[in-house]
Amino acid sequence: MSVKQVEVLVPIPIPEKFSYLLPNQMKASPPKPGTRVIVPFGNRNLVGVVWNVGNGIAPKGKKLKYLKEVLDSQPLLDKASLNLADWASRYYHYPLGDVISYFFPPPIRKGKEAKFVEIKFLELTNKGEFVNIEELSKSPNQKKLIEVLQEKKTLSQRAANAYGVNSSSINALIDKGLISRYMRELSPYKKEEFSIAKGVKKKLNNEQKFAVDSIINSKSQNRVFLLNGITGSGKTEVYLQAIQEVIKKGKQALILIPEIGLAPQAEERFKKYFGERVLSFHSAKNNREKVDAWLGASKGLIDIVIGTRSSVFMPMKDIGIIVVDEEHDLSYKQVDRFRYSARDIALYRAKIEKIPVVLASATPSLETLNNSLKGKYEILNLTKRATGANLPKYLPVDLRGKELKEGFSDELIDGTEEELHKGNQVLIFLNRRGYAPSLICKTCGWLSNCDRCDALMTVHKRPQKLQCHHCESQRNLPTTCPECQSEDFLTYGYGTERIEEFLIKRFPKFPVLRVDSDSTRKKESMHEYLDEINSGRPMILLGTQLLAKGHHFPDVTLVGVLDADSGLFSADFRGSERVAQLMTQVAGRAGRDKKPGKAILQSYCPDHPQIEELVKGSYESFAKNLLEERRLAKSPPFAFQAKIQAESSNSYVSRDFIKTLINKLKKSKSFPKDIRVIGPIPAIMEKKSGVYRWELNILSSSRNSLHKFLDLGQASLYDSQTSKRVRWSIDVDPLSSM
Ligand code: ADP
Ligand code: ZN
Ligand code: ZN
């Protein structure tokens, strides 16, 4: 029986699938699920993806339209990818048509051909094969080309040009019917055996060996491992060797990393191991590179894909393992539109594919730690630094009553001086870019408030401006106070630009390398900085969290944290977890190689229990204490959480939107019982980018009930489309409250 219609996903934000009739010529071999098609939608044509093939029921009162065109001869997405999309759409309560678009690089999403670059090739026709070459002796170039083609069968047009045969000779031969021209796809990837260079592969210590063995011998195929190793304990070495075993079996590996800045370094290390069949995938790649990588991975021409968040959707021909490095990192969670967590998608993908997944971290998130303690994940501990080095010594510096020089205590200045003169590198950490976080009028107290956010604008000196770090809006730096015309300003607080200025003055003989998102805006700059650091010369590295993550700097012996208190008193209950992770990671940059390291933590409250725990240097006991607090407070991971947010240009409108929603839901018969709903409450930063945000916070001890509630909520939210003034969003497992 021939098929009459197909169900198609279109990239629009409504959770519906649309049916289209198949034109007669398509009925015999209808496009399979996962194939791109062009369909009419309203008065436009859209690129959609076939979801289902069959004789579905037409929506009532609607006349079905005909599908226009099939773009691919084979489906671009396999069953596993379609399943993953379906799950993600239901889990995050986000429209499937939009979720699907995350599986494609932009050109493919927009309908471009799913092909490598095509170039012109020449070959002999039948007539050309038997031509008497002497007939061409008047045109030596034509003769030459025929001779070459008789030997080589095919030749790219470019190669023909290189033989000195120009286009007019080629065209003349085509006109005579002796050769023909065709387009051929040129894959940049070669299928080749890899061999690991001598001396690259390290001899593993016992803990590492146990870890690798556990991963590669995992009998039940889908096992989740927490590779819980202190900074520098050789976690990367462990998963490199586990991946090697996977690849030997002809399968592929996907490695997620948190920061695009870590990509070049990771790619280099992998290439040393595995040669050219390793590829990194992230937003700085151009469209051509993205399409090539995507094709390479989905055709199985690439063994290893290293990528940032969105790479978790990369289709792969035969995936055998997934690694999520620095699994605790916040950047795995997308914070707008489709609010997914790449780590959690990776876990589900591994489950569908029945493959092991390795979550690696020195500072695992509380969710992951909790799952490991419960026995859901297997813990692989690495307790020693792989190079034999010790963890850095923590030295708290009590700032109370001390006179500081631009935020520096004498202890930190002296420590820096000493290490530099010994020929070592020093890392100064301050998680705030710009010159100073605020500008104050000394006469009337005017503050550099952002007009569009509940936040202060940061002073920047190079170039000079006021900039809001929440909405990116900018203003000229005022020369006179907008309120009282006074010229007497106070630039209050410290940012990396200001500290850089101080360090250059204080240590004129040593280079100061400032690494933050301002100084690394250019595509290659992070790479250049890393080369500079790896030269090993004595210097000061000054940076934000960009420097704290994952890097291996063998010559850093001292890490100075200017402000260890930042985040201690955060309004977000996750604040302490974040600070502990960041501090441990930053300090972990010290003494990773042969030379021992120290970490100086400057604090105004060194006897705060959290600072005390940090100084002891045990993230794990710190995290277990936090888990206990969360258990008592019944907050995540001991409850499942979601948030519904409304934003509009008017605070009351946003609030009332949430209020109406919850009142309506409470009347519903299917309102789940075990749900705690808090709200409407304003977001921690109520006004941001010119809109006012109110929230509904939803907690439940049952994942199922939470989803039931969200299903209800989602249906009702789509019904309330009348309110164009309000934009709403659903965030499942939210991570931040900003
Ligand atoms: P992590 O990923 O835990 O931070 P890495 O894998 O980057 O740690 O290892 C830190 C350093 O130790 C690297 O220079 C690495 O080459 C080295 N290393 C790792 N494993 C071993 C080993 N078994 N023997 C010697 N050196 C090792
Ligand atoms: Zn003033
Ligand atoms: Zn702003």
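Read the numbers this way: they start at 1 and go in the same order the structure lists the ligands and their atoms.
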Do you see a donor-acceptor pair shorter than 3.5 Å between the side chains of [X] and [Y]?
X	Y	value
Ser654	Ser651	no
Gln244	Lys201	yes
Thr480	Gln485	no
Asn650	Ser648	no
Glu620	Asn228	yes
Gln585	Tyr619	no
Thr363	Thr584	no

Might you confirm whether atom [atom1] of [X] has over 12 heavy atoms from other residues, nucleotides or ligands at distances under 6.0 Å?
X	atom1	result
Phe210	CZ	no
Phe553	CZ	yes
Asn206	CG	no
Asp336	CG	yes

| task | Identify which protein N/O/S atoms are less than 2.8 Å from the Zn ion (ligand 3). | result | Cys450 SG, Cys453 SG, Cys468 SG, Cys471 SG

Throw together a table of side-chain donor-acceptor distances under 3.5 angstrom for residues 432-450, partners on residues two or more places apart or in other chains.
| unit_1 | atom_1 | unit_2 | atom_2 | d |
| --- | --- | --- | --- | --- |
| Arg432 | NH1 | Tyr494 | O | 2.7 |
| Arg433 | NH1 | Gln467 | OE1 | 3.3 |
| Arg433 | NH1 | Asp518 | OD1 | 3.0 |
| Arg433 | NH1 | Asp518 | OD2 | 3.4 |
| Tyr435 | OH | Glu501 | OE2 | 3.1 |
| Ser438 | OG | Tyr492 | O | 3.4 |
| Thr443 | OG1 | Ser486 | OG | 2.8 |
| Ser448 | OG | Leu439 | N | 3.1 |
| Ser448 | OG | Met457 | O | 3.1 |

Hey, what polar pairs (N/O, under 3.5 Å) does ligand 1 make with protein?
| unit_1 | atom_1 | unit_2 | atom_2 | d |
| --- | --- | --- | --- | --- |
| ligand 1 | 2 (O) | Thr236 | N | 3.0 |
| ligand 1 | 2 (O) | Thr236 | OG1 | 2.6 |
| ligand 1 | 3 (O) | Ser233 | N | 3.2 |
| ligand 1 | 3 (O) | Gly234 | N | 3.1 |
| ligand 1 | 3 (O) | Lys235 | N | 2.9 |
| ligand 1 | 3 (O) | Lys235 | NZ | 2.9 |
| ligand 1 | 4 (O) | Gly232 | N | 3.2 |
| ligand 1 | 4 (O) | Arg592 | NH2 | 3.2 |
| ligand 1 | 6 (O) | Thr236 | N | 3.2 |
| ligand 1 | 6 (O) | Glu237 | N | 3.2 |
| ligand 1 | 6 (O) | Arg269 | NH2 | 3.0 |
| ligand 1 | 7 (O) | Arg269 | NH1 | 2.8 |
| ligand 1 | 8 (O) | Gly234 | N | 3.0 |
| ligand 1 | 14 (O) | His552 | NE2 | 3.2 |
| ligand 1 | 16 (O) | Lys202 | NZ | 3.3 |
| ligand 1 | 20 (N) | Gln208 | NE2 | 3.1 |
| ligand 1 | 23 (N) | Lys203 | O | 2.7 |
| ligand 1 | 23 (N) | Gln208 | OE1 | 2.8 |

| task | State which residue, out of Leu254, Val357, Asp344, fulfils the side chain to side chain contact (heavy atoms under 4.5 Å, CB included) condition with Arg349. | result | Leu254

| query | By residue and atom, what protein N/O/S atoms are less than 2.8 Å from the Zn ion (ligand 2)? | reply | Cys441 SG, Cys444 SG, Cys481 SG, Cys484 SG

